[in-house]
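Only heavy atoms go into these numbers, but all of them, side chains included; no hydrogens, no water, no symmetry mates. Sequential numbering from 1 along the given sequence is applied to the chain's residues.
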Amino acid sequence: MALDEAQRCLNCKNMPCVSGCPVNIHIPEFIKKVAEHDFEGAYQVIAQSSSLPAVCGRVCPQETQCEGKCVRGIKGEPVGIGRLERFVADWHNAHATVATITAPKNGHKVAVIGSGPAGLTCAGDLAKLGYDVTIYEALHLAGGVLVYGIPEFRLPKSIVQKEVDNLKALGVKVETNMVIGRILTIEELKDEYGYEAVFVGTGAGLPRFMNIPGENLKGVYSANEFLTRSNLMKAYRDDSTTPIQHAKNVAVVGGGNVAMDAARCAKRMGTDKVYIVYRRGEAEMPARLEEQHHAKEEGIEFLTLTNPTEILGGEDGRVCGMKCIKMELGEPDASGRRRPIPVEGSEFVLDVDMVIMSLGTSPNPLIRSTTPGLETNKKGGIIVDENEMSTRENVFAGGDAVTGAATVILAMGAGKKAAEAIDRKLQGK
Ligand code: FAD
Ligand code: SF4
């Protein structure tokens, strides 16, 4: 299938697909190698621009990036670039025997805070250049959202583990259960531990809530907490020490990819009904179309143009329903999407015993509040210059910690750029 699909590429001279890729992978070049049966060659082409191809081949929103620009898509189906990338990466992981070449150790020490795609990429690129790199991760497993957020059925955790193992083979040290800002500060890493540069890739894991009555009841989760308990800590298993509520009916509030993941995980935990409750219409939903289709195929019910107003609790302090109101769409707001307006007299109670809030996240303020001179913007994102350097000398940052919740490929791209900038700075280039 991969060979047939690769034959569909027209090897366009102006390569619109490449301009759609945030890290500009040489797409026609790798596809040509696939068509020539040179799968390792194809992998090496991708590896020049991307350090996590097996991950990106699975989770990148290709329909708005490379495949969205593919000329084959004008009159029919675009070339399946994402699936070809996934095939090539999986082939490499199953067959490759060539060890990555690293430079001799250069004696410089760099600390990376956070082990999501930004941190993993930055650490890997620096290790290949000969740096002594240590990753400090708050959770007990490395991988960031790739392990605690994105469910196994979309991204097998063995793939992420392989990436972490590859880093360790390059000499990167991974210190888990290390909350920087609590156990150690960036100041201490620099002054007492001798790190000459620090990269902050701490993501955007702080959930937002609606501030409606009842959000503190038992049975109300943020999507991040719910997904962490189920994905990372396997709360669905009988032998898990992490509790999670087993509900009959669940409402997931929000319409993004994270809401789809939470809803599909809730469904897999034996729930009767799972509702997506979203205040705008289906056309305005931010989740990928593919994710919406998968959720519907699995029996998730979409309650669009519906907004919660109160979560109801029983005498035991647990959720026993959610008051909602129907909405209609008015004029476009600042985001360009039509503003949802409540329809008077349309209130109703949804029969649910668990509510998962999936309304977006922002960067956690812990690093900012413990690092003097580190400036952030209004949304909590660390302010960086064109070299990903923050307002603190030799403290670099990238990924969701800078941009707010975004994508794996953008975080990876930022980690790569920061590694190059750290190298230039420490080598006085
Ligand atoms: P993260 O992946 O968030 O990693 C940050 C790491 O830093 C975490 O491990 C965290 O524990 C650690 N950390 C935080 N604070 C500290 C501290 N003080 N000390 C030490 N460590 C700390 N993107 C896509 O492209 N495609 C998708 O399909 C997709 N699906 C998603 C599904 C879910 C459920 C979620 C939540 C996000 C999804 N995203 C998706 C977004 C994508 O995962 C993120 O944009 C990306 O992971 C950001 O990478 P990062 O390295 O900046 O941060
Ligand atoms: Fe191939 Fe599509 Fe890129 Fe053209 S735009 S080179 S057909 S992948």
Side-chain angles (χ1 to χ4, degrees), residues 106-127 129 131-145 148 164 167 171-206 361-406 411-412 414-428:
N106 64 16
H108 292 288
K109 273 177 79 173
V110 180
V112 169
I113 310 175
S115 64
L120 292 178
T121 305
C122 184
D125 283 11
L126 286 171
L129 291 170
Y131 286 85
D132 178 356
V133 186
T134 305
I135 297 180
Y136 291 94
E137 166 56 49
L139 295 172
H140 65 276
L141 265 185
V145 171
Y148 83 73
V164 176
L167 283 192
V172 174
K173 285 163 259 172
V174 182
E175 300 276 355
T176 52
N177 297 315
M178 289 296 284
V179 184
I180 301 303
R182 284 275 182 274
I183 299 171
L184 287 172
T185 61
I186 288 184
E187 304 294 289
E188 287 166 334
L189 288 173
K190 289 180 81 185
D191 299 344
E192 291 173 28
Y193 285 69
Y195 291 104
E196 293 155 83
V198 176
F199 174 76
V200 182
T202 44
L206 189 69
T361 52
S362 50
N364 192 303
L366 180 60
I367 294 286
R368 180 201 58 203
S369 61
T370 53
T371 314
L374 188 81
E375 285 177 25
T376 52
N377 60 28
K378 270 197 288 196
K379 292 183 172 170
I382 298 172
I383 296 172
V384 293
D385 65 11
E386 66 283 3
N387 290 316
E388 308 283 331
M389 191 159 93
S390 73
T391 47
R392 271 301 303 271
E393 177 87 12
N394 286 1
V395 176
F396 296 74
D400 284 6
V402 167
T403 57
M412 203 199 75
K416 209 169 188 47
K417 204 167 145 200
E420 287 162 12
I422 291 171
D423 181 47
R424 280 197 302 273
K425 188 81 198 302
L426 297 189
Q427 302 295 334

When you measure from the side chain of Ser390 to the backbone N and O of Leu374, does any donor-acceptor pair fall under 3.5 Å? no

Donor-acceptor check, side chain of Asp400 to backbone of Ala406, threshold 3.5 angstrom: yes or no? yes

If you look at every heavy atom in Ala414 and Gly399, which pair is closest and at what distance? CB-N, 3.5 Å

Rounded to the nearest 0.5 angstrom, the OH-CG distance for Tyr193 and Leu184 is 4.5 Å

Take Thr391 and Glu375 through the test side-chain hydrogen bond (donor to acceptor under 3.5 Å, both in side chains) and record every step on the way to the result. CA-CA 6 Å; Thr391 47; Glu375 285 177 25; 4.7 Å; no

Check Thr361 against Ala204 and note the closest heavy-atom contact, atom names and distance. OG1-O, 2.8 Å

Distance check, rounded to the nearest 0.5 Å: Ile422 atom CD1 versus Asp125 atom CG? 10.0 Å

If I take atom CD1 from residue Ile113 and atom SG from residue Cys122, how far apart are they, to the nearest 0.5 angstrom? 11.0 Å

Do the side chains of Asn394 and Leu426 get nearer than 4.5 Å, heavy atoms only? yes

Could you label the plane-to-plane angle of the Tyr131 and His108 rings as parallel, tilted or perpendicular, counting under 30° as parallel and over 60° as perpendicular? tilted

Evaluate Asp132 against Lys173 for side chain to side chain contact (heavy atoms under 4.5 Å, CB included), listing each step before the verdict. CA-CA 8 Å; Asp132 178 356; Lys173 285 163 259 172; 2.8 Å; yes

What are the two closest non-hydrogen atoms of Gly194 and Lys109, and how far apart are they? O-CB, 3.8 Å

OG1 on Thr176 to CD on Glu137, rounded to 0.5 Å: 8.0 Å

To the nearest 0.5 Å, what is the distance between OG1 on Thr403 and CD1 on Ile382? 10.5 Å

Measure the CD-OG1 distance between Glu192 and Thr185 for me, rounded to the nearest 0.5 Å. 7.5 Å

Determine whether Gln427 and Leu129 make a side-chain contact, defined as any pair of heavy atoms from C-beta on separated by less than 4.5 Å. no

Is the shortest heavy-atom distance from the side chain of Ile135 to the side chain of Leu167 under 4.5 Å? yes

Would you say the side chain of Thr370 lies within less than 4.5 Å of the side chain of Glu187, judging by non-hydrogen atoms? no

Within the structure provided, determine whether Thr371 and Val200 are in side-chain contact (heavy-atom separation under 4.5 Å). no

Taking all heavy atoms of Tyr195 and all of Ala111, pick out the closest pair and write down the distance. CD2-N, 3.3 Å

Can you name the nearest heavy-atom pair linking Ser115 to Ala142, along with the distance? OG-CA, 3.2 Å

Closer than 4.0 angstrom, basic N to acidic O: yes or no for Glu393 and Lys190? no

At their closest point, which heavy atom of Ile183 faces which heavy atom of Glu188, and how far apart are they? O-OE1, 4.2 Å

Quickly, which of Lys417, Glu420, Arg424 forms a side chain to side chain donor-acceptor pair (under 3.5 Å) with Asn387? Name it, please. Arg424

